[in-house]
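Every number for a ligand or one of its atoms is a count from 1 in the order of the listing.
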Amino acid sequence: MIQVCPKDMPAIRILPDVVANQIAAGEVIERPVAVVKELVENSIDAGATRIEIEFRNGGKSFIRISDNGKGMPPDEALLSLERHATSKIREAADLNEILSFGFRGEALPSIASVSKFTLRTRAEGWDHGTEIFINGGKLIHKKECGMPVGTVIEVANLFNSVPARRKFLKTDPTETAHITYTTRLFAVAHPEIAFHVVDSGRTVFQSPSCSDLRDRIGEIWGRSLADDLIPVEAEDSSLGFRLSGLTAKPGVGRSTRRELITMINRRPVDSRTLGFAVLDAYLGRIQKGRYPPAFLFFHLSPREVDVNVHPAKREVRFRNDAVVRRFVLGAVSDTLSDAAKPASTEKASVPEVTPVKPQDETVEPTPIKPATTPTPVPRVVPAPQRSSKTKVPVARVLPVAPQPPKETALPETEAEPASAKAPEWKLLCLLKQRYGLFETPRGLVMLHLRHADQRVRFEQILATFDQEEAARQQLLIPIPIEFEPLASEALKTELETLNSHGFEIEEFGRHFYRILSVPDWMAPEQVEAFVRDLVDRFRQRGGSRKDPKLTWELVARLAMEQSYQRNDNMSHAAAQKLAETLLCCETPHTSPSGKPTFSEISWSEWERRFGN
Ligand code: ADP
Ligand code: MG
């Protein structure tokens, strides 16, 4: 079948308004990367499975996008250059439904109005293609040409005819960086499409079509980043929301947000709503000021989102921001919590607190030394119900594991998991009394002993909140403690919470209290100062709302802050144990105040550094 382009195609229909197009170009095409973006979007819309992007001088002097999409028959090719000509929208009602990238029908005429523009295209079923050449909005020629099915668009001398715009362009390297970044986004959004990006004759990246997002990320950003990601998959069918993709493992952070990438219905967009929801999910899970790399695809009904807030379509607006935010935050948070859990073979779910000092495990409730004695000789009164806790697996315990008393002995299998993890991280040496250097299957890890210890201690104390009966140590001689009236009030409101979690503090007169027992994680000689500090914190926090869990968090935080002297001269065994315990924590990567607990350099990173 040979079809011939109608000779009488009225030229008047083409580019009726160069000025309007140039104005539109000002909005849609701010810089070379915008041209790339519009053209690649068109190629994707045209069903291409292979897209080649070439450019020179940051796209200022030359951009060429070639695709193997469905192409255009001759008359359509001419029409595509008319303002508001678009094949993608037939009537206004479609506006909400439109899934394809562009629908304004503005891009091609806008670009053609501010450059030397060549369109070559051939549709399926035609034995020749069409070449149209336009310079600064003026049609120079239209002729047949030979080419495979698909479309090739060349844009040369961008903004040459509009010096005012040209002035605003940045240096070549900057414009190049924008183009490279944008093409990477497209490649990630569409792993099924093969991309080849060429800057001044040099391949920037080339990625064949692949079915796996992780592979694609590995090809473009490097394997070590790809390995640092875990899958996210969440759906709410009643809302019509779905979130999928890959996100940073807890603790993996970058110094910029450039690798925090979100797509909405597969369109790369910078959405504040999505970005903040993801960042919130990582609060406390990565260091402050760092950003998690993530490649997340958010899908929702096109009716729920307005993608055309901005002419260049970089912003989106959700119909219901808060709902989207909650969904995304929840989905990512859940993923991270799951990831932080130990291997599924472990039955333990709550890290149980065990007394810090092994010799503390005594079977008989024997009141011990006076509180004033500094020596930490046996002083524990195990909670009477201790043996009833045998149902709680003591999997993840403490730096120094005591021999459990017979009554509380646990089945071997349940006591094992922590040590089963031991081979994963092998302590090589202790350094400067502050660090432990470990070898792991993935690389070398430097552990910050104090931060790690704080994290472990914090979570262990937090975990006692959920225990029915916290282990406590009874003081031989109760400690009297007096407060001024406001402080006394503050303590009084929290007394119940404290007393149900290992403390035993009773009111003893006006603003006068007695401390009878302390939780078994606390050194009795510290308790008076501790309670005073704690009351200060209660008062600083202010407010009358009573939330036992928050109160307990304050307790854990204070205890953690005061724990740091403990690591001087830590033994090898204790450091090894600390690492194992840390790995069982819910949030192992940061201390409770957000500082990193360890830093890993992967073997692949070593290889990279040695140029292999
Ligand atoms: P829009 O994408 O908003 O429709 P454009 O100006 O970007 O507007 O493109 C106009 C029309 O040209 C498109 O609707 C499409 O029919 C056609 N077109 C543009 N680029 C291609 C391409 N690479 N392959 C096939 N058709 C294309
Ligand atoms: Mg378009």
### Task
Just jot down the ligand 1 atoms closer than 4.0 angstrom to any heavy atom of S80, in number order.
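What qualifies from ligand 1 is 10 (C), 11 (C), 12 (O).
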
### Message
As an exercise, identify every atom of ligand 1 less than 4.0 angstrom from a heavy atom of N42.
### Response
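This gives 2 (O), 5 (P), 7 (O), 9 (O), 19 (C), 20 (N), 21 (C) as the contact atoms.
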
### Query
Under the ring-ring contact (aromatic ring centres under 6.0 Å, His included) rule, what pairs show up with a residue in residues 135-154, not counting sequence neighbours?
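The answer is F133-H141.
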
Is the contact between [X] and ligand 1 made by the side chain, the backbone, both, or neither, using heavy atoms and a 4.0 Å cut-off?
X	value
L108	both
L39	neither
A107	both

### Query
Any N or O on E76 sitting closer than 3.5 Å to an N or O of ligand 1?
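No: no nitrogen or oxygen of E76 is under 3.5 Å from one in ligand 1.
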
### Query
Is I153 close to ligand 1, meaning an N/O of one under 3.5 Å from an N/O of the other?
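It does not: no N or O of I153 is found under 3.5 Å from an N or O of ligand 1.
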
### Query
Within less than 4.0 angstrom of ligand 1, does E38 place any heavy atom?
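Not so, E38 does not reach ligand 1.
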
### Task
Taking side chain to side chain donor-acceptor pair (under 3.5 Å) as the test, write out the residues that go with R214, two or more places apart.
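Once residues adjacent in sequence are excluded, R214 has no partner under the side chain to side chain donor-acceptor pair (under 3.5 Å) criterion.
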
### Task
Kindly state whether the ring of H299 and the ring of F241 have centres lying under 6.0 angstrom apart.
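Ring centroids of H299 and F241 are no less than 6.0 Å from each other.
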
### Message
I'd like to know if the side chain of E219 pairs up with that of S207 as donor and acceptor (distance under 3.5 Å, no hydrogens or angles considered).
### Response
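A pair is found: one side chain offers a donor N or O, the other an acceptor, under 3.5 Å apart.
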
### Query
Hey, are R442 and E600 close enough for a salt bridge, meaning a charged N less than 4.0 Å from a carboxylate O?
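Counted as a salt bridge, because a side-chain N and a carboxylate O are separated by less than 4.0 Å.
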
### Query
Once the angle between the rings of H128 and W126 is folded into 0 to 90°, is it parallel (under 30°), tilted (30 to 60°) or perpendicular (over 60°)?
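Judged by the thresholds at 30° and 60°, the geometry between H128 and W126 is perpendicular.
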
